[in-house]
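A short worksheet on the structure shown next.
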Amino acid sequence: MEQRPVKMKKSLLIRDVTLRDGQQSLFATRMSQNQVDRALPGFKDAGFYAMEVWGGAVPDSVMRYLNENPWTRLESIYKVIGDTSLLTALSRGRNLFGYNPYPDDVIEGFNRNAIKSGISIMRVFDALNDTDNIRSTVEFVKQNGGIADCTVVYTVDPKYSTRDKIRALLHAKILPSHIFTKEYFLQRALEFEKMGADMVTLKDMAGLITPGKAGRLIRMLKQSLSVPVDFHTHCTPGYGLASSLMAIVNGVDILDTSLMSFAGGSAAPAFELIQLFCNRMNIDTGVNLVAVVNLDSELRSIRHELAEFDSTKAFPREFNIITDTLPRDIDQMFELAIAFAKADKEDDLLEVCHRIESWFGFPDPDDKIRDAEIPGGMYSNMLAQLKQLKLEKLLPRAMELIPLVRLVSGCPPLVTPTSQIVGAQAVNCAIDEAKGEPVYTSKSIQFVNLVKGVYGHTPVPVDPEFRYKIAGVREEIPYDTKYYRRQENPVFEEYGGVKLANDEKEELLLELFPSVANDFLKRRMENLYMAEIHKVEEEKSRKFWIG
């Protein structure tokens, strides 16, 4: 009897971002070590391909708000997870976690210690998409046995107002457009592959990539690269789920998701929704779904504990992905979404994905962010800056100035930290204007350095005359690390002659987070000293009573 060939399942690797990007997006990175520890057995059982657990805001936040050691956070996760999932960290290349580039010895020390402490994949990005700023990290990660994940940062062209377009027309000026084309992103990815990237991520931190663009970019990257392609996005403007489905349909190798209780809104799409799509497309994620159900229940409890930091306070519907059935109309929405994705019908796809997300209880799309095409964090920071000055009425004008500020500063992508630099400067310009002063009368040192070239090459060259006006030089001047000065590691005689930082890892904390680490390490030193004093006093008391 003739045997029919067995149809093999396609596969999709899942990088879970719950413990880093998920909690950072929704709860300001406030998960304590105890809360992380409670979730780790579930993550080990789930068996995701990779878990993003470190970097980003984690090292700063655990010291600043939780009085915990970032290295201990990483090492404790690795102790439980082991090699079940590859642990991932996020850094900003030569800038690591700050603004100015660091010398090679600091970059090497950070990456070596991160890998030694449990990181397998170092995801590295540069806010300007300047590939030169990533080169040294790739080299040091690979030297130390890590996997170099190079990130192409997704962004959009400046969105000019009608007033700006009319003004440009009257002055016979051209407002640049078609800067961030498919070819632009592909060129960055090809440069990364050439320099030794083990994988390339299309990373959309602001959630601005539409499903159609996501599908076309992923398809092009898969056709052009020989290394795996990962896709990362957020749900803030309402594109996240639909764009992720388009990435899957177009052959993405790895997809970033967050577990349901830490997903949606300003965070990544929910793994559970992606799994429901994969079930219908005969795609294997390799994830233990029984473990996921139990793990999300624990995460839901932790989210209740984080209520004061919860940015939405909108809990998704409780749904057991193994035993629960969907209402017929919602079930049909999943089938329709797949059909619309395969047919590249973006509007129809978005409509059904929004209906799916609404049924599951995820926040509605943020129309302000979608229409303005800026990151949610950038908008909230600008509003907070103006509220502090009781000048909220200037927000619409500040928003209108964003494209012009981007334009004169070389059209930097709107991601951390350039989104905050551009946003703060747009606010400064709006205030200058309201005072009757020339715009750029008030300017931050970060904006001056961006225009000067300190942070690297901008996507579009800065006009030399504008650079001279802002920074006093006409030529681009990159940061010279020979002027870098290492942080001091003082000895405290009053605490027994001990140094503030005891080893290389603590010295790195001082280098990367000078103020926060100084406070953290000093508190720890004081606590240890007082504990030792208490111990000595107790011993003296015990001997006295014994006789």
Side-chain angles (χ1 to χ4, degrees), residues 12-18 20-22 24-25 48-56 85-93 95 111 114 119-131 133-135 137-138 141-142 146-155 180 182 184-209 213-235 239-240 243-244 246-248 250-258 267-269 271 274 375 413-416:
L12 174 70
L13 299 177
I14 299 292
R15 183 183 329 220
D16 178 86
V17 298
T18 303
R20 206 289 298 172
D21 194 73
Q24 181 173 322
S25 297
F48 291 103
Y49 159 70
M51 293 169 53
E52 187 181 75
V53 298
W54 209 63
S85 298
L86 301 178
L87 300 187
T88 301
L90 177 70
S91 81
R92 293 207 296 264
N95 294 26
N111 286 285
I119 291 300
S120 293
I121 303 173
M122 183 61 71
R123 173 179 275 172
V124 52
F125 78 96
D126 178 67
L128 298 177
N129 271 330
D130 182 351
T131 53
N133 283 342
I134 285 176
R135 193 177 305 277
T137 296
V138 173
V141 166
K142 293 174 77 73
I147 298 168
D149 175 13
C150 292
T151 298
V152 180
V153 173
Y154 182 79
T155 191
F180 301 108
K182 289 187 301 180
Y184 168 87
F185 296 115
L186 175 61
Q187 187 56 40
R188 303 288 88 70
L190 290 171
E191 289 176 42
F192 290 146
E193 184 177 48
K194 189 176 179 181
M195 73 170 64
D198 298 300
M199 63 176 66
V200 169
T201 293
L202 177 62
K203 189 169 174 66
D204 173 30
M205 289 99 150
L208 297 178
I209 192 166
K213 288 181 179 177
R216 290 189 289 275
L217 271 174
I218 292 298
R219 186 162 62 246
M220 184 175 62
L221 291 174
K222 283 297 299 171
Q223 290 169 351
S224 306
L225 300 175
S226 59
V227 297
V229 176
D230 186 307
F231 179 62
H232 174 102
T233 191
H234 290 243
C235 298
Y239 302 133
S243 294
S244 295
M246 284 293 282
I248 296 170
N250 284 278
V252 78
D253 300 292
I254 309 163
L255 185 69
D256 288 14
T257 65
S258 200
F271 164 75
I274 296 300
L414 294 180
V415 297
T416 304

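Basis for what follows: all heavy atoms, side chains included, without hydrogens, waters or symmetry-related copies. Numbers for residues simply follow the sequence, beginning at 1.
With Thr151 contributing its side chain and Lys203 its backbone, the two residues share no donor-acceptor pair below 3.5 Å. Without hydrogens or angle criteria, Glu193 side chain to Ser226 main chain gives a donor-acceptor distance under 3.5 Å. Without hydrogens or angle criteria, Lys182 side chain to Met220 main chain gives no donor-acceptor distance under 3.5 Å.
Residues Arg219 and Gln223 have side chains that never bring a donor and an acceptor to within less than 3.5 angstrom of each other.
Heavy atoms only, all atoms of each residue included: Gly22 and Ser258 are closest at CA-OG, 3.9 Å. Smallest separation of non-hydrogen atoms from Phe185 and Thr155: CZ-O, 3.5 Å. For the pair Gly56 and Arg20, the tightest heavy-atom approach, listed with the atom from each and the gap, is CA-NH1, 4.0 Å.
By the 4.0 Å N-to-carboxylate-O rule, Arg92 lies too far from Asp126 to be salt-bridged with it. Using a 4.0 Å cut-off between a side-chain N of Lys or Arg and a carboxylate O of Asp or Glu, Asp253 and Arg15 do not qualify as a salt bridge. A salt bridge links Glu191 and Arg188; the closest N-O separation between the charged side-chain nitrogens and carboxylate oxygens is under 4.0 Å.
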Between Tyr49 and Ile14, does a side-chain contact (heavy atoms from CB on, under 4.5 Å) hold up when you go through it step by step? CA-CA 6 Å; Tyr49 159 70; Ile14 299 292; 5.6 Å; no
With side-chain contact (heavy atoms from CB on, under 4.5 Å) as the test, would you mind laying out the steps for Leu255 and Thr257 before giving the verdict? CA-CA 6 Å; Leu255 185 69; Thr257 65; 4.0 Å; yes
For Asp204 and Val153: C-alpha separation, side-chain torsions, deciding distance, then whether side-chain contact (heavy atoms from CB on, under 4.5 Å) applies. CA-CA 6 Å; Asp204 173 30; Val153 173; over 6 Å; no
Pair Leu186-Leu221, side-chain contact (heavy atoms from CB on, under 4.5 Å): steps then yes or no: CA-CA 7 Å; Leu186 175 61; Leu221 291 174; 4.1 Å; yes
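Residues Thr137 and Asn111 form a side-chain contact, since some pair of their non-hydrogen atoms from C-beta on lies under 4.5 Å apart. With contacts defined as side-chain heavy-atom distances shorter than 4.5 Å, the pair Leu217/Tyr154 qualifies. Side-chain contact between Val252 and Leu202: absent, with no pair of heavy atoms (C-beta onward) separated by less than 4.5 Å. In this structure, the side chains of Glu52 and Asp16 stay at 4.5 Å or more apart for every pair of heavy atoms. Contact annotation: the side chain of Tyr184 approaches that of Asn129 to within less than 4.5 Å [non-hydrogen atoms, C-beta and beyond]. Contact of the Phe231 side chain with the Ile209 side chain is registered, since non-hydrogen atoms from C-beta on lie closer than 4.5 Å. With contacts defined as side-chain heavy-atom distances shorter than 4.5 Å, the pair Ile274/Leu12 qualifies. Side chains of Leu190 and Leu225 form a contact here, defined as non-hydrogen atoms less than 4.5 Å apart.
Taking OH from Tyr239 and OG1 from Thr233, the interatomic distance works out to 10.5 Å, rounded to the nearest 0.5 Å. Once rounded to the nearest 0.5 Å, the distance linking NZ of Lys222 with CD1 of Ile218 reads 9.0 Å. Distance CE/Met51 to OG/Ser120: 11.5 Å, rounded to 0.5 Å. Rounding to the nearest 0.5 Å gives a distance of 11.5 Å between CE of Met122 and SG of Cys150. Here the CD-OG1 distance, from Gln24 to Thr18, works out to 13.0 Å after rounding to the nearest 0.5 Å. Separation of atoms CD1 (Ile147) and CD1 (Ile119) is listed at 11.0 Å; rounding is to 0.5 Å.
Each of Asp21, Asp198, Asp256 was scored for a salt bridge (charged side-chain N to carboxylate O under 4.0 Å, His left out) with Arg123, with one residue passing: Asp256.
Aromatic ring centres of Phe48 and Phe271: separated by under 6.0 Å.
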